[in-house]
Amino acid sequence: MRVRILGSAAGGGFPQWNCACPNCRGIRDGSIPARARTQASVALSVDDEHWYLLGASPEIRSQLESFPALRPRAARHTPIEAIFLTNGDLDHTLGLLSLREWSRITVYATECVRDAFCHGNVLNRALQRFEGHSRWMSLEPGVPQELMAGLRVEPVRVAGKSPLYAAHTSPEMASPEMAAANAAWTVGLKFTHAGRSVGFFPAVARIDAALRAALAGLDLLLFDGTLWSDTELIDLGLANVTGQQMAHVSVGGSEGSLAQLQGLGIRHRVYIHINNTNPMLREDSTQAAAVHAAGWSIAEDGQEFVI
Ligand SMILES: [Zn+2]
Ligand SMILES: [Zn+2]
């Protein structure tokens, strides 16, 4: 499998348009060693011809252009076979609306994520201009599906939350599936091919035994690196919201992913979906050093893995 990181930041990107936190300020004035990052998206292929996009970020146009393998090979063509959504948040879905130029698109998502995006969304009509313009395929946690040439995907249910825009949807607009408290709002994706496995888990609220078991032995894990600490945004005076309330487990601390995902026999462990406030984005930080010392790396746009 060939895995290309198109974007590695959390929602907002790095730097973020309305943010002057120490990281965003520092990268703008060149005073800290760090790299700019676009919002998280990954391309995966087993033959270099057909590609699966994991996440449709708001920066999708420039991300597709940044990688020659994703460019069209005929007057109207795209090598993108399908797009996978791991949750309904706008940094993972908004790019769909930028793919409206008359090519058929196939989108894999859980039912509640599909309903949240499609239900009552007049903008989604831009993807329904002709019969079969956009085709939604259902992801069911725990149910593997065959994609192509021996490539399989298995959605893994993880603790998460509904996107903010769906939480504010009026009850009469919400479908029964959306209203269900136990709806699968967030999944991780496990891809397997020719005995190799890749996990894409950009949003994880909590690490438990079931998740550890699902991740054990992966050849490549791309995991939620949104925040270093649960109170990061509060400590910086940016927002009154914890990581837990945003449904992102921290990297640091005894309950964090660095501590909780040790010893699972994962070959490559990589943090992705990194928020611009996370101190590990600064390459000379003690946090970045701790990440590397634990055998993890920090994803960068344009990075590639052959697994
Ligand atoms: Zn996100
Ligand atoms: Zn910032």
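Atoms within each ligand, like the ligands themselves, are counted from 1 in listed order.
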Do Phe223 and Phe14 share a hydrophobic cluster (ILVMFWY, side-chain heavy atoms under 4.5 Å, transitive)? yes

Ignoring hydrogens and geometry, is there a side-chain-to-backbone donor-acceptor pair from Arg25 to Ala20 under 3.5 Å? yes

Got a sec: is Asn276 within less than 2.8 Å of the Zn ion (ligand 2) via an N/O/S atom? yes

Output yes if Asp89 passes the N/O/S-under-2.8 Å test against the Zn ion (ligand 1); output no otherwise. no

Shortest-distance N/O/S atom, Asp91 versus the Zn ion (ligand 1): OD2

In His92, the N/O/S atom nearest the Zn ion (ligand 1) carries the name NE2

Answer yes or no: is there an ion pair linking Arg37 with Asp301, defined by an N-O contact shorter than 4.0 Å? no

Metal-centred angle, SG of Cys21 through the Zn ion (ligand 2) to SG of Cys19, rounded to 10 degrees: 110°

Examine distances only and state if a side-chain atom of Tyr165 and a backbone atom of Gly88 form a donor-acceptor pair shorter than 3.5 Å. yes

Side-chain heavy-atom pair Leu233, Met246 within 4.5 angstrom cut-off: yes

